[in-house]
2 protein chains.
Amino acid sequence: MEHAERLLAAAGELFYRQGVRAVGMDEVRAASGVSLKRLYQCFPSKEALVVAWLERRDEQWMSSLTSYVRERGDRVEAVFEWLERWFGEDGFRGCGFLNAYGELGATSEAVAEVVRRHKRRLRDLLRELAGDDDALAEQLFILVEGATVTAMVDPGRAAATARAAGRAARALTSPHQD
Amino acid sequence: MEHAERLLAAAGELFYRQGVRAVGMDEVRAASGVSLKRLYQCFPSKEALVVAWLERRDEQWMSSLTSYVRERGDRVEAVFEWLERWFGEDGFRGCGFLNAYGELGATSEAVAEVVRRHKRRLRDLLRELAGDDDALAEQLFILVEGATVTAMVDPGRAAATARAAGRAARALTSPHQD
DNA sequence: TTGAACGGAGAACGATCGTTCTCTATGCTA
DNA sequence: TAGCATAGAGAACGATCGTTCTCCGTTCAA
């Protein structure tokens with residue numbers, strides 16, 4: 001359906017930029033150009049819209065990161081190059097999943113579940129890039145998460161943050177080589 | 001004033017557990033036992049209450065972490081031992097500052113500012129523990145932030161997350177010694 | 001040309017929000 | 001005892017929320 005896509009794009013932009021609870025359904029209607037009646041035909045509640053947004057964001061975010069690192073020979077460093085680009089995008093405001101979890105995770109189990117699923121997928125990708133080294137993958141995951149929230153709070157130094165995390169990743173991946 | 005402390009304790013618990021916007025002022029009144037009239041005498045608006053909560057939390061959180069590492073000879077590893085304890089506390093739900101920033105940072109400049117100030121203080125402490133090595137301090141900061149949000153989303157593995165971050169910190173601090 | 005199904009605009013609804021106001025009881029001062 | 005300031009309980013207010021409903025114009029089959 002055409003309308004669902006317009007709704008998800010408009011709602012996602014608003015949710016990400018302002019936080020979920022700060023955005024009313026009428027604001028989604030105005031930004032998407034889809035009538036309120038059809039909005040509720042596509043998504044029976046605001047919670048359903050939020051969950052659908054996060055699922056779509058998971059697919060797009062993971063697919064963008066995955067194809068970037070695939071094109072660069074599955075090197076771990078490519079993850080942090082990709083992060084640096086992402087942090088520099090207009091309107092970057094941290095991890096939409098972590099923000100949604102902090103805001104709604106205690107209230108909505110459906111939101112908490114889709115966030116955990118996204119983080120599991122990210123961890124799986126990092127484990128694969130780490131050659132199935134679970135301990136290293138966990139450290140890389142922590143670096144990615146830490147760099148992302150740090151870049152959110154201090155966007156002026158976001159590029160430096162991504163590079164610092166990338167250097168840490170390199171040191172952890174090849175601890176005896178520098 | 002006695003009432004302000006009761007209000008901050010009750011409101012902080014609610015804000016941290018449920019998210020700020022999910023908590024109404026009447027809920028704060030009920031949990032604190034302070035009348036609505038006096039609540040607004042102590043804090044002229046909800047935003048003022050939120051900011052005061054974050055400032056108090058900054059003092060308590062930083063002072064708890066600082067005294068813990070001081071008692072252990074200012075070792076960097078002590079930071080991650082402290083994190084592991086924190087993650088295991090009842091009701092742990094990640095970093096209250098990051099959660100507040102994600103929820104309100106785009107709306108309230110006062111909230112954004114107090115969060116940035118708290119993160120600056122944490123970074124300053126880590127820089128001191130890192131012997132004024134800025135690059136190392138930045139990596140330690142990223143590890144602390146990453147471990148905290150990871151522990152929020154997956155509390156069942158929070159202790160393992162803290163230890164993984166601690167091992168990464170050790171490797172980065174003494175890269176040629178293991 | 002008629003009529004029935006549909007869709008959009010937006011009014012309406014009940015709930016809840018942050019904030020203020022009213023009312024009454026209490027205690028203190030003269 | 002009389003009068004006044006104060007405080008708490010909670011009603012009230014206007015705004016806004018998520019959600020539903022009403023109205024009216026359009027489309028298309030017969």
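Here is the naming used below: chain letters follow the sequence lines, and residue numbers restart at 1 for every chain. Because the structure is a prediction, the values reported are computed rather than measured.
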Spacing of [X] atom [atom1] relative to [N] atom [atom2], expressed in whole Å:
X: B/Arg29; N: D/dA7; atom1: CZ; atom2: P; answer: 18 Å
X: A/Arg38; N: C/dA9; atom1: CZ; atom2: C1'; answer: 13 Å
X: B/Gln41; N: C/dC21; atom1: CD; atom2: P; answer: 13 Å

TODO: Identify, residue by residue, the members of residues 103-113 of chain B with a heavy atom below 4.0 Å from DNA chain D, and return them in order of residue number, or none.
DONE: none
Test side chain to side chain contact (heavy atoms under 4.5 Å, CB included) applied to [X] - qualifying residues, sequence neighbours left out:
X: A/Arg163; result: A/Glu84, A/Ala159, A/Arg167
X: B/Glu55; result: B/Val51, B/Val114, B/Arg117
X: A/Ser64; result: A/Trp82

Task: Six-ring centre of A/Phe15, A/Arg57 cation under 6.0 angstrom, axis tolerance 45° - done: no
Open item on the list: Per the side-chain hydrogen bond (donor to acceptor under 3.5 Å, both in side chains) rule, what does the pair list look like for residues 142-152 of chain A, sequence neighbours excluded?
Closed with: A/Lys119-A/Glu145
Which residues pass the salt bridge (charged side-chain N to carboxylate O under 4.0 Å, His left out) test with [X], not counting sequence neighbours?
X: A/Glu138; answer: A/Arg123, B/Arg157
X: B/Asp133; answer: none
X: B/Arg17; answer: B/Glu13

Would you tabulate the nitrogen or oxygen pairs shorter than 3.5 Å linking the protein to nucleotides 13-20 of chain C?
| unit_1 | atom_1 | unit_2 | atom_2 | d |
| --- | --- | --- | --- | --- |
| C/dG18 | OP1 | B/Val23 | O | 3.4 |
| C/dG18 | OP1 | B/Lys46 | NZ | 2.4 |
| C/dG18 | OP2 | B/Met25 | N | 2.7 |
| C/dT19 | OP2 | B/Tyr40 | OH | 2.9 |
| C/dT19 | OP2 | B/Lys46 | N | 2.8 |
| C/dT19 | O5' | B/Tyr40 | OH | 3.4 |

